[in-house]
Number of protein chains: 2
Amino acid sequence: MAHHFSPIKFDDNGHIRDSVFSILRNAILDKKLEPGQRLVERTIAEQMGISRTPVREAINKLILERLVTHIPRKGVVVSGFTKADIVEILFIRTSLEALICSIAANKIKPRELKRLESLAKQISDEHGKGNLKKSNQLNDKFHEIIYRSAESPRVYSFLNTLHEYISKFTQVAYSKPGRPEEVWVEHNAIIEALRKHDSSAAEVAAKSHAENSCKAYLEMAFLADDIKP
Amino acid sequence: MAHHFSPIKFDDNGHIRDSVFSILRNAILDKKLEPGQRLVERTIAEQMGISRTPVREAINKLILERLVTHIPRKGVVVSGFTKADIVEILFIRTSLEALICSIAANKIKPRELKRLESLAKQISDEHGKGNLKKSNQLNDKFHEIIYRSAESPRVYSFLNTLHEYISKFTQVAYSKPGRPEEVWVEHNAIIEALRKHDSSAAEVAAKSHAENSCKAYLEMAFLADDIKP
DNA sequence: TTTTGGAATATGGTATACCAAAAACCTTGC
DNA sequence: GCAAGGTTTTTGGTATACCATATTCCAAAA
């Protein structure tokens, strides 16, 4: 049924609207708020013990991120994620990862390449040891380094947003037999392309890597079928 | 110097914040507000004869679109477009056009294909006649049809946002010798791939088309050098 | 019983008020 | 004249008040 929000804690020095935004965002991604459910400014504000203003601003941001939908003369409702939505998001990520990697190939510094090499090895190790959580964290770092080295703020922030969605989907750590080895090979292909500053090769390698991890995820997800159609 | 905003007209039945958003957005894209200039809520609200609230909401949306930057304890300032920004935006568009086209290949209907063929022909005609404005309009429609047929709301709306930026840059109609013929060939390559529902081919064709038009624009723009470095 | 008119309510949009923090400015002592 | 410190102003963040519209529900009349 309807989710109840706790009064907000004012400990943090950040802005209330940001706290509200995170809370609502997580509630939606964690499915504590069901799709179709209405978000009523006044109610949320009262439950959190704050005024409507920061709630409004948080909701506006959610609308921009398409996590909720504004229906005129109705209010905002939580928008559900269909399979098609997830596939679309994964496609976008694939596309932008390829882009950012091709850009990075022209800008990456030796220091960053060293770091990537080291991370790829660690990822492989941890993955091999079955330490999926750690391996995922390192994997995020791996991609983060590439993202940063491209110095493309728009692609960067967009990818990060997408990544948060995706990591919510994939929160259940998964592992497909043989995937760790593939990942190792794919990461090295990316590093190799970056080292040669070959942007086309980097693009191809990143795309292929993203597509494979996408495929691996979809197989898992739709076998598990924990996503509503 | 400082730009002065006129009192808002309440004729339209839409929301004030949307009017404010458009006004500010256009002012920035049309360079009526110079980069670095501060946007002060109270001032704008007074000039427009409205309260701060809708101005705030409009500014928040501008921040999300990166047209202005929020500097903590400083306020929001108009963010300038550097060459790097423009290149980044063009790259993103290229990447997403390729994506949406590859998706469209799996979903496009015969009716839409017919429409594309007819448009490609018209575009070529108008372009040949030197009627650049008309040709650009038709070109927009051409891409719009592809966008829609992909049924990918996120990519679609993102591309539209990007497109608005880009069309502001390219408002000065431009034409490169030989480009009309190339466009005709490229459009037909896209149509052909879509007809065969060959998503890889569609992706390649769209990417190549976007890259070429991007290249043509950059050559023009940076010869003209009407963009600040 | 059904329909219709209207009042009560719910809700979002906008305006205004208040507050804290930072910046700018002014005062005062040297 | 200049620097240090305090005071005023500016500005954004938040709270609250007000308003318009749409929905709901109830009552009265056909």
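We name chains A, B, ... by the order of the sequence lines, and we start the count at 1 in each one.
Of the listed nucleotides (D/dG12, C/dG13, D/dT14), D/dT14 has the atom at the smallest distance from the side chain of A/Pro54. Checked against C/dG12, D/dT16, C/dT14, the side chain of A/Val40 finds its nearest nucleotide in C/dG12. Considering only side-chain atoms of B/Arg42, the nucleotide from C/dC18, C/dT16, C/dG12 that sits closest is C/dC18. In this structure, the nucleotide among C/dG12, C/dA15, D/dT16 sitting nearest to the side chain of A/Glu41 is C/dG12.
For B/Glu57 and D/dG12, the CD to P distance is 15 Å, given to the nearest whole Å. Rounded to an integer number of Å, the gap from B/Ile16 CD1 to D/dC18 C1' is 14 Å. In this structure, CE of A/Met48 is placed 13 Å from P of D/dT14, rounded to the nearest angstrom. Between B/Arg56 atom CZ and D/dA15 atom P there is a gap of 11 Å when expressed in whole angstrom units. Spacing between atom CZ of A/Phe21 and atom P of D/dT14 amounts to 15 Å, rounded to whole angstrom units. B/Asn60 has its CG atom 18 Å from the P atom of D/dT11, to the nearest Å. To the nearest angstrom, P of D/dA15 lies 13 Å from CD of A/Glu46. The CD1-C1' distance, from A/Ile50 to D/dA15, rounds to 10 Å in whole Å.
When the side-chain nitrogen and oxygen atoms of B/Ser51 are compared with OP1 and OP2 of C/dT14, none of them lie within a distance under 4.0 Å.
Between B/Arg52 and A/Arg38, the one whose closest nucleotide on DNA chain C sits nearer the 5' end is A/Arg38. When the nearest nucleotides of DNA chain D are assigned to B/Thr43 and B/Thr53 by heavy-atom distance, the more 5′-ward of the two goes with B/Thr43.
Using a 4.5 Å cut-off on side-chain heavy atoms (C-beta onward), B/His127 and B/Asn131 make no contact. For the pair B/Phe21 and B/Glu65, the minimum side-chain heavy-atom distance is below 4.5 Å.
Between the side chains of B/Glu88 and A/Tyr156, no donor-acceptor pair is found at a separation under 3.5 Å. No side-chain donor from either of B/Asn160 and B/Ser157 sits under 3.5 Å from a side-chain acceptor of the other.
Residue-level contact check: A/Ile59 touches neither bases nor backbone, having no heavy atom under 4.0 Å from any strand.
Scanning atom types as modelled, no donor and acceptor separated by under 3.5 angstrom connect the side chain of A/Arg17 and the base of D/dG13.
Heavy-atom neighbours of A/Tyr147 OH from other residues, nucleotides or ligands within 6.0 Å: above the threshold of 12.
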